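Below: one structure, written as structure tokens.
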There are 2 protein chains.
Amino acid sequence: MMPNTSLKKALDHLKSQGIRMTPQRHAILSYLCQTMSHPTADEIYKTLEKKFPNMSVATVYNNLRVFKESGLIRELPFGDDSSRFEANVSEHYHIICKNCGHIEDFTYPCITDIEEIAAKATGFKIDSHCVELHGLCVECQK
Amino acid sequence: MMPNTSLKKALDHLKSQGIRMTPQRHAILSYLCQTMSHPTADEIYKTLEKKFPNMSVATVYNNLRVFKESGLIRELPFGDDSSRFEANVSEHYHIICKNCGHIEDFTYPCITDIEEIAAKATGFKIDSHCVELHGLCVECQK
DNA sequence: GTGAGTGCAAACCCTTTGCAGCGCC
DNA sequence: GGCGCTGCAAAGGGTTTGCACTCAC
């Protein structure tokens, strides 16, 4: 979830990069900024279809790529069948329910030291890391 | 990479579960146990095609699923186009080169406390976690 | 002998691409 | 008005499935 100011910031960011604003683009970005979930491209498409009956999936995919390349959104690297996206690009981790697929954000004191240690051990030049936790969500434990 | 004893152990494990051993199955498992890489299903298929000219990709996929359900191998959850597999099921993390895709294993003092903290924060019942580091491998830094 | 495993091909799903027409700047 | 974006449909790549035949037990 992001405050509404984030949408404005995102719009300005795109404008400054010379990327045109279209109704579809605005809708996708707006949806991503206000949702707490981590939708797939298809979920975004199905949600916005009501407002834009003629919108195509290709448009959703194209714009998700544009936003990702602009650094406005992040593609989640889970081994799911389809990719998921989120507008929250701040440092945080994810917990995934292995039963229902529900994903929650989770902040944790950043373990940046793992990057340094890994860099020394392997010679890699590391620029990011991510942590994924798997288990059962509250609902699915019942 | 796993010692050859692991292959024997894996074979015994399958036998004890009543899973039949076939030449194809043996080849796939053997290949996964001795390789240090993290091959995709297609890479396994292409490698074994020489020995089994009639083998089908479906057989590779079917058996990877069988092995995975038996807990003998692990499917890597990277956001790649295609899944990768490894026979090393012991606790370890992965470093991925964002340029060439090269993957290396990396052991780190287990951060199990993250599981406890996350469990408390979210109510999830957590049973595993994984860490992924992204950067440039030694070769690609040149 | 029997049922699990194989091979083949078709089907499926997700994602990308080519292209003509539309519309944002 | 120009060029970037859209929508449509077709293509592409990875993975799964249905089915008849084979072979491990």
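The structure displayed is predicted, hence computed values, not measured ones. Worth knowing before you read on, the calculation uses all heavy atoms, side chains too, and leaves out hydrogens, waters and symmetry mates. Letters A, B, ... mirror the listed sequences (proteins, then strands); counts begin at 1.
Across the protein-nucleic acid pair, B:R84 atom CZ and D:dG14 atom P stand 11 Å apart, rounded to whole Å. Between B:N63 atom CG and D:dC23 atom C1' there is a gap of 14 Å when expressed in whole angstrom units. Note: CG (B:L11) to P (D:dC25) measures 11 Å, nearest angstrom. Atom-to-atom, CD1 of B:I28 to P of C:dG5 comes out at 12 Å; the value is rounded to the nearest Å. Rounded to whole angstrom, the span from the CG atom of B:D42 across to the C1' atom of D:dG12 amounts to 14 Å. Between the NZ atom of A:K68 and the P atom of C:dT15 there is a distance of 10 Å, given to the nearest Å. For A:E43 and C:dC13, the CD to C1' distance is 14 Å, given to the nearest whole Å. In this entry the distance linking CD of B:E75 with C1' of D:dG14 reads 12 Å, nearest Å.
Contact annotation: B:Q24 side-chain N/O to D:dC23 OP1/OP2 distance is not under 4.0 Å. OP1 or OP2 of D:dC5 sits under 4.0 Å from a side-chain N or O of A:R25.
Of the residues in residues 48-62 of chain B, those lying under 4.0 Å from DNA chain D by heavy-atom distance are B:A58, B:Y61, B:N62.
Residues B:T47 and B:T35 form no side-chain contact, since every pair of their non-hydrogen atoms from C-beta on lies 4.5 Å or further apart. Side-chain contact check for B:T59 versus B:F52: every heavy-atom pair is 4.5 Å or farther apart.
Using modelled atom types, one side-chain atom of B:Q141 and one backbone atom of B:L136 make a donor-acceptor pair closer than 3.5 Å.
Apart from B:L76 itself, the hydrophobic cluster it occupies contains B:F78, B:I96, B:I103, where clustering links Ile, Leu, Val, Met, Phe, Trp and Tyr at side-chain heavy-atom distances under 4.5 Å.
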Per-pair distances, 0.1 Å, donor-acceptor, side chain in residues 8-18 of chain A, under 3.5 Å, sequence neighbours excluded:
| from | atom 1 | to | atom 2 | distance (Å) |
| --- | --- | --- | --- | --- |
| A:H13 | NE2 | A:S70 | O | 3.0 |
| A:S16 | OG | A:H13 | O | 2.7 |
| A:Q17 | OE1 | A:S70 | OG | 2.6 |

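B:Y108 and B:F106 have tilted rings, their planes meeting at an angle from 30° to 60° on a 0 to 90° scale.
Checked by atom type, the side-chain pair B:D105/B:H38 shows a donor-acceptor distance below 3.5 Å.
A:S83 comes within contact range of the sugar-phosphate backbone alone, with a heavy-atom separation under 4.0 Å but no base atom that close.
For the pair B:K15 and B:R65, nearest-nucleotide mapping onto DNA chain D gives the more 5' position to B:R65.
Judged as a side-chain hydrogen bond (donor to acceptor under 3.5 Å, both in side chains), and not counting sequence neighbours, the contacts of A:Y45 are A:E49.
Under the salt bridge (Lys or Arg N to Asp or Glu O under 4.0 Å) criterion, the residue pairs touching residues 30-45 of chain B are B:D42-B:K46, B:E43-B:R84, with sequence neighbours excluded.
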What's touching nucleotides 23-25 of chain C from the protein side, N or O pairs under 3.5 Å?
| from | atom 1 | to | atom 2 | distance (Å) |
| --- | --- | --- | --- | --- |
| C:dG23 | N2 | A:R20 | NH1 | 2.8 |
| C:dC24 | O3' | A:M21 | O | 2.9 |
| C:dC24 | O2 | A:R20 | NH1 | 3.1 |
| C:dC25 | OP1 | A:M21 | N | 2.9 |
| C:dC25 | OP1 | A:M21 | O | 3.2 |

